[in-house]
Asker: 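Before I ask anything, let me first share the structure, which is written out below as structure tokens.
Basis for what follows: all heavy atoms, side chains included, without hydrogens, waters or symmetry-related copies.
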Amino acid sequence: QVQLVESGGGLVQAGGSLRLSCVASGLTFRHYVMGWFRQAPGKDREFVAAISWAGDTTVYADSVKGRFTISRDNIKTTLYLQMNTLNPEDTAVYYCAAASTAGVSRFRDEYRDWGQGTQVTVSS
């Protein structure tokens with residue numbers, strides 16, 4: 001079965017950086033659009049970033065554009081999210097997800113498989 005396992009979360013001060021990873025198994029990773037979403041307490045799960053199967057197209061939420069970078073390694077079947085200049089509003093559980101769409105998608109409902117999430121906490 002499909003497994004997506006996130007890691008790399010933690011506690012960081014405002015202005016700091018973290019790099020999240022998501023190791024995928026049980027699917028042909030290079031055939032899937034991959035995305036990162038996040039959910040803060042009391043809020044809906046929201047889109048953060050997505051990347052095409054080949055890694056040549058990326059999209060970002062406006063709130064993270066210029067600070068976060070999504071990338072992938074199809075040989076290692078791993079998805080990454082480099083997060084720089086973090087602020088307290090970035091505090092959330094971050095989830096990776098896989099979609100079998102033709103192109104990158106911002107829409108949560110198009111992602112079929114999800115990881116268990118990793119907590120990111122940014123202190124002020």
Side-chain angles (χ1 to χ4, degrees):
Q1 82 251 29
V2 176
Q3 280 196 313
L4 303 174
V5 180
E6 302 96 335
S7 62
L11 174 63
V12 64
Q13 287 189 330
S17 298
L18 283 174
R19 188 193 197 202
L20 305 184
S21 299
C22 171
V23 178
S25 61
L27 77 169
T28 306
F29 184 75
R30 65 183 183 276
H31 289 174
Y32 283 79
V33 167
M34 298 296 296
W36 287 100
F37 291 75
R38 67 185 182 186
Q39 188 166 17
K43 295 188 176 181
D44 289 337
R45 192 171 299 189
E46 65 174 5
F47 170 77
V48 175
I51 188 167
S52 62
W53 61 268
D56 54 355
T57 301
T58 57
V59 292
Y60 296 92
D62 288 344
S63 59
V64 307
K65 200 174 294 183
R67 300 188 298 123
F68 290 11
T69 303
I70 188 171
S71 61
R72 65 191 296 162
D73 185 329
N74 286 346
I75 303 297
K76 295 182 178 179
T77 68
T78 303
L79 177 72
Y80 302 100
L81 185 67
Q82 177 66 44
M83 306 186 294
N84 298 328
T85 320
L86 285 160
N87 59 61
E89 290 69 39
D90 296 316
T91 295
V93 177
Y94 284 71
Y95 299 88
C96 73
S100 56
T101 54
V104 291
S105 172
R106 299 172 175 264
F107 301 108
R108 186 178 61 189
D109 290 348
E110 293 190 338
Y111 288 81
R112 183 190 69 183
D113 298 294
W114 294 82
Q116 83 290 347
T118 185
Q119 176 71 47
V120 171
T121 303
V122 185
S123 63
S124 57

Asker: I'd like to check the side-chain contact (heavy atoms from CB on, under 4.5 Å) partners of Ser105; sequence neighbours left out, ordered by chain and number.
Answerer: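 With sequence neighbours excluded, Ser105 shows a side-chain contact (heavy atoms from CB on, under 4.5 Å) to Thr101, Phe107, Glu110, Tyr111, given in chain and number order.
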
Asker: The criterion is ring pair (Phe, Tyr, Trp, His ring centres under 6.0 Å); which residues satisfy it with Trp114, sequence neighbours excluded?
Answerer: Phe37

Asker: Can you pull out every disulfide (SG to SG under 2.5 Å) where at least one residue sits in residues 14-124? Sequence neighbours excluded, please.
Answerer: Cys22-Cys96

Asker: Would you give the length of the straight line joining atom CG of Leu81 to atom CH2 of Trp36, rounded to the nearest 0.5 angstrom?
Answerer: 6.0 Å

Asker: I would like to know whether Val104 and Thr58 meet side-chain contact (heavy atoms from CB on, under 4.5 Å); could you show each step before the answer?
Answerer: CA-CA 7 Å; Val104 291; Thr58 57; over 6 Å; no

Asker: For Val12 and Leu18, which heavy atoms make the closest approach, and how far apart are they?
Answerer: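 Heavy-atom minimum between the residues: CG1-CD1, 4.1 Å.
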
Asker: Can you see which heavy atom on Leu86 is nearest to which on Arg67, and at what distance?
Answerer: CA-NH1, 3.9 Å

Asker: Identify, with sequence neighbours excluded, every residue that meets side-chain contact (heavy atoms from CB on, under 4.5 Å) alongside Gln82.
Answerer: Ser17, Arg19, Thr69, Asn84

Asker: Testing the basics here: between Pro88 and Ala14, what is the closest heavy-atom pair and its distance to 0.1 Å?
Answerer: CD-CB, 4.2 Å

Asker: Would you say that Glu6 contacts Gln116 through its side chain, given a criterion of any heavy-atom pair below 4.5 Å between the two side chains?
Answerer: yes

Asker: Is there side-chain contact between Leu27 and Gln3, with at least one heavy-atom pair below 4.5 Å?
Answerer: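 The answer is no, as the side chains (C-beta and beyond) never meet within the 4.5 Å cut-off.
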
Asker: Consider only side-chain N and O atoms of Gln119 and Thr121, and report whether a donor and an acceptor are under 3.5 Å apart.
Answerer: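 Checked: Gln119/Thr121 side chains pair up, N/O donor to acceptor below 3.5 Å.
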
Asker: I would like to know whether Val122 and Gln13 meet side-chain contact (heavy atoms from CB on, under 4.5 Å); could you show each step before the answer?
Answerer: CA-CA 5 Å; Val122 185; Gln13 287 189 330; over 6 Å; no

Asker: Can you check whether Phe68 reaches Val48 side chain to side chain, under 4.5 Å on heavy atoms?
Answerer: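 Result yes, sub-4.5 Å side-chain heavy-atom pair found.
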
Asker: Any non-hydrogen side-chain atom of Tyr32 less than 4.5 Å from a side-chain atom of Arg112?
Answerer: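 Yes. Closest side-chain heavy atoms under 4.5 Å.
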
Asker: Rounded at 0.5 Å granularity, tell me how far OG in Ser21 sits from CG in Leu79.
Answerer: 8.5 Å

Asker: What is the distance from atom CZ of Arg72 to atom OG1 of Thr78, rounded to the nearest 0.5 Å?
Answerer: 10.0 Å

Asker: Any side-chain heavy-atom pair from Gln39 and Tyr94 closer than 4.5 angstrom?
Answerer: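 A side-chain contact under 4.5 Å is absent here.
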
Asker: CE of Met34 to CG of Asn74: how many Å apart, nearest 0.5 Å?
Answerer: 9.5 Å

Asker: State which residues pass salt bridge (charged side-chain N to carboxylate O under 4.0 Å, His left out) with Lys65; sequence neighbours excluded, sorted by chain then number.
Answerer: Asp62

Asker: Side chains of Val120 and Thr91: does their closest heavy-atom pair fall under 4.5 Å?
Answerer: no

Asker: Following the transitive rule for hydrophobic clusters with a side-chain heavy-atom cut-off under 4.5 Å over Ile, Leu, Val, Met, Phe, Trp and Tyr, establish whether Phe47 and Tyr60 coincide in one cluster.
Answerer: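 No, no single cluster joins them.
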
Asker: Closer than 3.5 angstrom, by distance alone: can the side chain of Ser52 be matched with the main-chain N or O of Gly103 as a donor-acceptor pair?
Answerer: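 No.
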
Asker: Might you point out which heavy atoms bring Ala24 and Leu4 nearest each other, and give the distance in Å?
Answerer: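 Shortest heavy-atom contact: CB-CD2, 3.5 Å.
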
Asker: Show, in sequence, the C-alpha distance, side-chain angles and deciding distance for Arg106 and Val59, and conclude whether the side-chain contact (heavy atoms from CB on, under 4.5 Å) test is met.
Answerer: CA-CA 8 Å; Arg106 299 172 175 264; Val59 292; 4.3 Å; yes

Asker: Sequence neighbours excluded, which residues qualify as side-chain hydrogen bond (donor to acceptor under 3.5 Å, both in side chains) partners of Arg108?
Answerer: none

Asker: Is the NZ or CZ atom of Arg38 positioned over Tyr95's six-membered ring, under 6.0 angstrom from the centre and within 45° of the axis?
Answerer: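 Pair Arg38/Tyr95 does not count as cation-pi.
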
